[in-house]
Amino acid sequence: MSKIKSLALVCFSCLIVFTCKEKKVETKTEEAKTDKEVVSKITQEQTDKLIANPPEGMLWVPGGAFLQGAVPQDKTAMKHEKPQHAVSVDGFFMDITEVTNAAFKKFVDETNYVTVAERAIDWEVMKKQLPEGTPKPHDSIMQPGSLMFKKTKSTVPNLYDFSQWWRWVIGVNWRHPSGPDSNLEGKENHPVVHISFEDAQAYCKWAGRRLPTEAEWEYAARGKKTSSIYFWGDDRSKLSKMVNSWEGEFPVNNTLEDGFERTAPVKSYPPNDFGLYDMAGNVWEFVSDWYNVNYYKTLKDSNKEIINPQGADKAYNPSQPYLQEKIIKGGSFLCSDSYCASYRVSSRMGTSIDSSSEHVGFRTVATLDMLVK
């Protein structure tokens with residue numbers, strides 16, 4: 001098999017970057033505490049003080065109930081966003097913005113952490129998540145790097161074949177987001193990218209935070225508009241003023257109507273009702289849930305309101321049977337009407353726990369009990 005074919009199989013079909021060691025990934029986040037359990041551990045005075053004085057860079061999202069999943073009027077909703085199901089979540093603190101390059105640099109400077117995209121690749125680990133018999137790519141390809149977007153020169157008839165606009169670039173990582181010779185100068189307030197799920201978890205541990213559940217993320221993104229397609233309502237014409245997305249013919253031409261070709265500095269667009277920025281577009285955001293295409297139906301079939309759901313027990317995606325995928329939410333600068341329109345609040349996608357790319361980042365949350373020692 002040629003180098004190009006090997007690369008296409010390993011990097012485009014699977015969208016994976018692998019670590020040098022195989023690590024066990026927890027199947028669930030720590031069980032969320034109910035309001036009653038939290039109050040039993042802290043006083044009302046402590047609770048009021050924390051809410052009035054949130055951690056730096058975070059805000060309080062009051063708990064509540066909502067219908068998770070695609071709203072009835074959303075004609076572009078995908079099957080895995082349905083059916084809607086009743087969910088309630090307890091209150092939590094959430095990062096006002098996506099984690100920035102400056103914040104991630106502080107973490108790395110203090111811990112000397114090395115991201116997945118910067119580590120040597122171990123073929124013995126890598127092949128376990130590929131179809132049996134997949135030949136090992138040439139050593140010249142098996143080098144640390146990440147996935148980058150590249151425009152096509154002409155119209156793409158088949159938008160399901162994402163290998164047409166993604167390429168594996170050696171030497172690309174969070175420090176060099178736009179190419180091996182690029183740097184972070186002038187991008188300190190851009191969201192950090194080329195981050196894997198493992199990298200996001202490591203940051204959370206250092207910061208004393210965790211990733212949000214999918215239910216927490218969607219509840220927070222909706223704000224007070226619990227039954228709209230977008231976080232601002234149902235008016236698609238406001239898109240370029242509200243979101244960093246792809247406008248024009250994807251993946252050929254971006255009209256830059258929203259002002260940016262790729263990532264934008266955080267807070268470049270208006271916040272939602274809760275005061276959270278970039279809950280649509282800019283970069284996809286990791287949540288803690290496994291991506292399981294049957295999960296929403298399972299919740300709906302239970303015929304009861306679900307309190308603080310933690311997601312499926314295991315990943316399941318028949319389109320990617322060899323991968324262990326986590327959910328990402330919010331869409332990115334690459335989302336367009338013709339491709340995925342994933343700036344919709346209900347949008348969700350699965351991505352490998354070992355993968356990183358130019359359009360995926362994260363933000364963190366903290367609960368009351370996490371902040372009271």
Side-chain angles (χ1 to χ4, degrees), residues 11-17 76-78 80-81 98 101 117 145-169 172 174 177-179 182 187 190-196 221 229-231 236 239-266 268-269 277-287 291 319-320 325-352 355-363:
C11 299
F12 293 150
S13 298
C14 297
L15 291 180
I16 303 175
V17 180
T76 57
M78 300 182 184
H80 66 173
E81 300 169 32
E98 294 150 337
N101 285 315
S146 190
L147 288 161
M148 288 193 63
F149 171 78
K150 183 180 181 180
K151 288 181 180 179
T152 59
K153 295 181 179 179
S154 58
T155 298
V156 174
N158 177 18
L159 289 175
Y160 291 101
D161 181 10
F162 42 76
S163 68
Q164 297 169 99
W165 56 83
W166 282 111
R167 57 177 178 152
W168 174 259
V169 181
V172 166
W174 76 273
S178 304
S182 67
K187 294 185 177 181
H190 284 240
V192 66
V193 292
H194 300 295
I195 297 298
S196 72
I229 299 173
Y230 315 109
F231 75 77
R236 163 64 178 78
L239 183 67
S240 63
K241 295 180 176 63
M242 306 298 285
V243 177
N244 178 16
S245 64
W246 184 285
E247 295 189 299
E249 183 185 356
F250 181 85
V252 183
N253 176 53
N254 190 334
T255 63
L256 304 183
E257 188 176 345
D258 55 29
F260 296 93
E261 178 85 40
R262 281 177 154 80
T263 62
V266 297
S268 293
Y269 301 89
Y277 291 85
D278 293 317
M279 297 301 282
N282 216 12
V283 297
W284 286 95
E285 300 179 17
F286 278 112
V287 296
Y291 178 60
S319 298
Q320 299 280 17
E325 294 180 306
K326 289 287 185 175
I327 294 170
I328 50 178
K329 297 284 289 183
S332 77
F333 61 85
L334 293 178
C335 290
S336 71
D337 282 344
S338 64
Y339 182 43
C340 65
S342 289
Y343 31 72
R344 297 172 297 106
V345 184
S346 64
S347 296
R348 59 206 300 260
M349 189 169 77
T351 192
S352 167
S355 68
S356 68
S357 66
E358 188 182 5
H359 71 330
V360 177
F362 69 105
R363 77 177 71 209

With Ser146, the side-chain hydrogen bond (donor to acceptor under 3.5 Å, both in side chains) member among Ser355, Ser196, Ser356, Ser357: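 So, applying the side-chain hydrogen bond (donor to acceptor under 3.5 Å, both in side chains) to Ser146 and each of Ser355, Ser196, Ser356, Ser357, only Ser356 qualifies.
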Just verifying a value: how many Å separate [X] [atom1] and [Y] [atom2], rounded to the nearest 0.5 Å?
X	Y	atom1	atom2	answer
Thr263	Asn101	OG1	CG	7.5 Å
Ile195	Glu285	CD1	CD	13.0 Å
Ile327	Met349	CD1	CE	11.5 Å
Glu247	Glu257	CD	CD	4.5 Å
Leu256	Ser240	CG	OG	11.5 Å
Asp258	Phe333	CG	CZ	11.0 Å

Which pair of non-hydrogen atoms, one from [X] and one from [Y], has the smallest distance, and what is that distance?
X	Y	answer
Ala280	Val243	O-CG1, 3.6 Å
Gly248	Thr255	CA-CG2, 3.8 Å
Val172	Pro177	CG1-O, 4.1 Å
Ser245	Asn254	O-ND2, 4.2 Å

I'd like to know if the side chain of Ser178 pairs up with that of Lys187 as donor and acceptor (distance under 3.5 Å, no hydrogens or angles considered). yes
Can you find a heavy atom in the side chain of [X] that is under 4.5 Å from one in the side chain of [Y]?
X	Y	answer
Trp284	Cys335	yes
Met148	His194	yes
Glu358	Ser332	no
Lys151	Glu261	yes

Give the intermediate values and the outcome of side-chain contact (heavy atoms from CB on, under 4.5 Å) for residues Phe250 and Leu334. CA-CA 8 Å; Phe250 181 85; Leu334 293 178; 4.2 Å; yes
Under the side-chain contact (heavy atoms from CB on, under 4.5 Å) rule, what do Val193 and His359 come out as? Steps first, then yes or no, please. CA-CA 6 Å; Val193 292; His359 71 330; over 6 Å; no
Is a donor on one side and an acceptor on the other found under 3.5 Å between the side chain of Arg348 and the backbone of Tyr291? no
Would you please classify the geometry between the Tyr343 ring and the Tyr230 ring as parallel, tilted or perpendicular, with 30° and 60° separating the classes? tilted
Are Asn282 and Tyr277 close enough, and set up right, to give a side-chain contact (heavy atoms from CB on, under 4.5 Å), and what steps lead you there? CA-CA 10 Å; Asn282 216 12; Tyr277 291 85; over 6 Å; no
List the steps and the verdict of side-chain contact (heavy atoms from CB on, under 4.5 Å) for Trp246 and Asp337. CA-CA 8 Å; Trp246 184 285; Asp337 282 344; over 6 Å; no
In chain order, what residues pass the side chain to side chain contact (heavy atoms under 4.5 Å, CB included) check against Ser268, with sequence neighbours excluded?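 Ser268 satisfies side chain to side chain contact (heavy atoms under 4.5 Å, CB included) with Phe260, Ala264, Pro265 only.
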Partner of Met78 under side chain to side chain contact (heavy atoms under 4.5 Å, CB included), picked from Cys340, Ser347, Ser346, is Cys340
Check this for me, if you would: do Asp278 and Arg363 make a salt bridge, where the nitrogen-to-carboxylate-oxygen distance has to be below 4.0 angstrom? no
